[in-house]
Amino acid sequence: MEPLYQYAWLIPVLPLLGAALVGIGLISFNTATNNLRQVCSTFLVSLLGASTVLAFALLWSQLQGHAPYTHIIEWAAAGDFRLTMGYTIDHLAAVMLAIVTTVAFLVMIYTDGYMAHDPGYVRFYAYLSLFSSSMLGLVICPNLIQVYIFWELVGMCSYLLIGFWYDRKPAADACQKAFVTNRVGDFGLLLGMLGIYWATNTFDFGLMGERLEHAVETGSLSMGLATFLGVLVFLGPVAKSAQFPLHVWLPDAMEGPTPISALIHAATMVAAGVFLVARMYPVFEGFPTVMNIIAFTGCFTAFLGATIALTQNDIKKGLAYSTISQLGYMVMAMGVGAYSAGLFHLMTHAYFKAMLFLCSGSVIHGMEAVVGHDPILAQDMRLMGGLRKYMPVTSACFLIGTLAICGIPPFAGFWSKDEILSNAFAANPMLWLVGWLTAGMTAFYMFRMYFMTFEGKFRGNDNTIQNSLLAEANGPQFAFGPGAMNPEELAHSHDHGHSHDPHESPITMTLPLMLLAVPSILIGFVGTPFNNIFEVFVHAPGESLKQVQEHLAEFDLTEFLIMAGSSVGIALVGITIAYLMYLAGKIDPAAIAKQYQSLYNFSKNKWYLDDINEVLFVQGSRRLARQVMEVDYRVVDGAVNLTGLVTLVTGEGLKYLENGRAQFYALIVFVAVLGFVVFSGITG
């Protein structure tokens, strides 16, 4: 099996090669390359498919007990400084390679149907391939400096893909917001990374933790400074994995095409943050304060995302806040020391969340046939309803994903989320309580989405609802101001649909949904507490297999039934309330919203965090820029202009003295001497 490991570098290089070749074609022969759209997409999908085969071969080899493999070359050297590059294949890398390649491969197949009529079809495929390559490269990095390189490549690709429809202002704003927000976290990561290198003289993951702990023990580094460096490094995952307060970019990332929403939210960008926390676990685990910060940040983020998702009406925005909440669970698990539980939820979540996002894209694709390509109408669940009749495959897959994320047994999310909650309860019951309440809210808002979208009566042809949504999005004067159109005219002015009813998506879109439904149901069985294959395979660094087996041998069935029963119970309560509100009609959601208006507005306005950021950072930075410009104009430019004026005036004066007449110069000398004599006489 050694040759397989020697060629593992091909996994990220193959999609990179494809993106480079197609990109060169787009730059050099744009029209011809765009005319070969099917050839280009087939070429890129085939290369990623080859990477997928290699990734699963490596995973199988690791499952068979092959030792971790690392290949290192010296990239640069100067004195004692050595910079190495290479790749490493261990249990964590093998699992992540399998997850990323699988999801990316299915997203690429799905893209053919979703972007079929888009003029940027080939460009989108090139970006997808580059994005996949960047994440795959990050997964196999053997040291922190190489991670940082691919970390920034992932950020660049997300910028290109979120702003893919850059001619739309919301998309252009969203990609800039994602870029700037992630730069905040990346700056912290860079400072922490350099600080740890200064303290340990290494970027190697295995050595950093040992040397940092030794430096603290010997007194050469204070515990406070070591903790501070750990927190700085954690800022990188806070931004990439959308943790509070740097989570604000992720919902806006929905402005990109749905395939990239699925890839960002499931297996690439947001997974990169959790992956880095896992890689840095040997560093973090030695510092309790850092671990507590990680745990409480994740816990609060999980709660925050769930409370905002309760009131979202845009189907993609609802799933986006759901992602923020689920990422919070993963980060909380890492913080309480449940290393394998966090990674297990990362794996299960990647499959069912990718499926949910692709299902939402299928729904939008079907809705656009009725309401046109206006996202205000095509993505709002208040215009949906009854789609199960028209889109049976999409609705069935969405239901499977909903049951999985709600933690209903035996679906995948039940096993991974229950393990996180059990570990949180053992570490800090307060963390468990917040996670438990969040599980109830998750069940409510996910079934709210399912009922509003797929059950009941189809509302897509209701012009009154369309008019109210457009008025809500553009302001009441848009619909009711002077010269405004009547409701029917207004709705039809935005109606570019060609059908009275929505339709099921083509096989290129539904096939990935069905394939992703399989792991969404079954993948959780590799991590059941009865036979936790996943924890045995992916155990924490520094933890021996014997310790893992001893831990698993302590399994208490009664404790499991109590913990699992409580989490399933709160989920069933959430499902029941959603049913009574949105399907049975026993509870009026509008009446509840009116009764608790302040709480409803607090949730719908996303805790006003975007407004706070707008005032503090956007408007604040603009005010600062204006003041700096004023200083530049009045002080800096003023000094320069004054110098120029003095030079001009003195030059103008001196030119009258330089007339070339000897008697005039003699007169000047005489006056100067006379002045000197008079001055000497007075002072003497």
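Here the structure is a predicted model, which is why all the values come from computation and not from measurement.
Checking side-chain atoms of Ser603 against main-chain N and O of Leu599 turns up no donor-acceptor pair under 3.5 Å. The backbone N or O of Thr307 sits nowhere less than 3.5 Å from a side-chain atom of Tyr445 that would complete a donor-acceptor pair. Side-chain N or O atoms of Ser322 include none that pairs as donor or acceptor with a backbone N or O of Gly318 at under 3.5 Å. Between the side chain of Thr453 and the main chain of Tyr450, no donor-acceptor pair closer than 3.5 Å is present. Ser325 places a side-chain N or O within 3.5 Å of a backbone atom of Ala302 that can act as its donor or acceptor partner. At distances below 3.5 Å, not a single donor-acceptor pair connects side-chain atoms of Ser241 with backbone N or O atoms of Val238. Remark: side-chain polar atoms of Tyr321 are not paired, donor with acceptor, to backbone N or O of Ala306 under 3.5 angstrom.
For residues 287-312, the set of pairs meeting the ring-ring contact (aromatic ring centres under 6.0 Å, His included) definition, not counting sequence neighbours, comprises Phe244-Phe300, Phe300-Trp607. Annotation: salt bridge (Lys or Arg N to Asp or Glu O under 4.0 Å) contacts involving residues 277-300, sequence neighbours excluded, comprise Asp90-Arg279.
Between Lys316 and Asp314 no salt bridge is recorded (no basic side-chain N to carboxylate O distance below 4.0 Å). In this structure, Asp173 pairs ionically with Lys169, as a charged nitrogen and a carboxylate oxygen lie closer than 4.0 Å. Using a cut-off of 4.0 Å between Lys/Arg side-chain N and Asp/Glu carboxylate O, Asp611 and Lys606 are scored as not salt-bridged.
Using cut-offs of 30° and 60° for the angle between ring planes, the Phe537 and His91 rings count as parallel.
When each of Tyr159, Phe187, Trp249 is tested with Asn182 by the rule side-chain contact (heavy atoms from CB on, under 4.5 Å), just one qualifies, namely Trp249.
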query: For Lys417 and Thr348, what are the C-alpha separation, side-chain angles and deciding distance, and is it a side chain to side chain donor-acceptor pair (under 3.5 Å)?
result: CA-CA 9 Å; Lys417 187 184 290 187; Thr348 60; over 6 Å; no
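Here the CG atom belonging to Leu358 is positioned 8.5 Å from the OG1 atom belonging to Thr258, to the nearest 0.5 angstrom.
Residues Leu327 and Thr301 have side chains not in contact (no heavy-atom distance under 4.5 Å, counting atoms from C-beta outward). Contact annotation: the side chain of Asp380 never approaches that of Ile376 to less than 4.5 Å [non-hydrogen atoms, C-beta and beyond]. Between Tyr281 and Met291 there is a side-chain heavy-atom pair separated by less than 4.5 Å.
With sequence neighbours excluded, the residues that form a side chain to side chain contact (heavy atoms under 4.5 Å, CB included) with Phe525 are Pro410, Trp415, Leu522, Thr528.
Phe447 and Phe451 have their aromatic ring centers within a separation under 6.0 angstrom.
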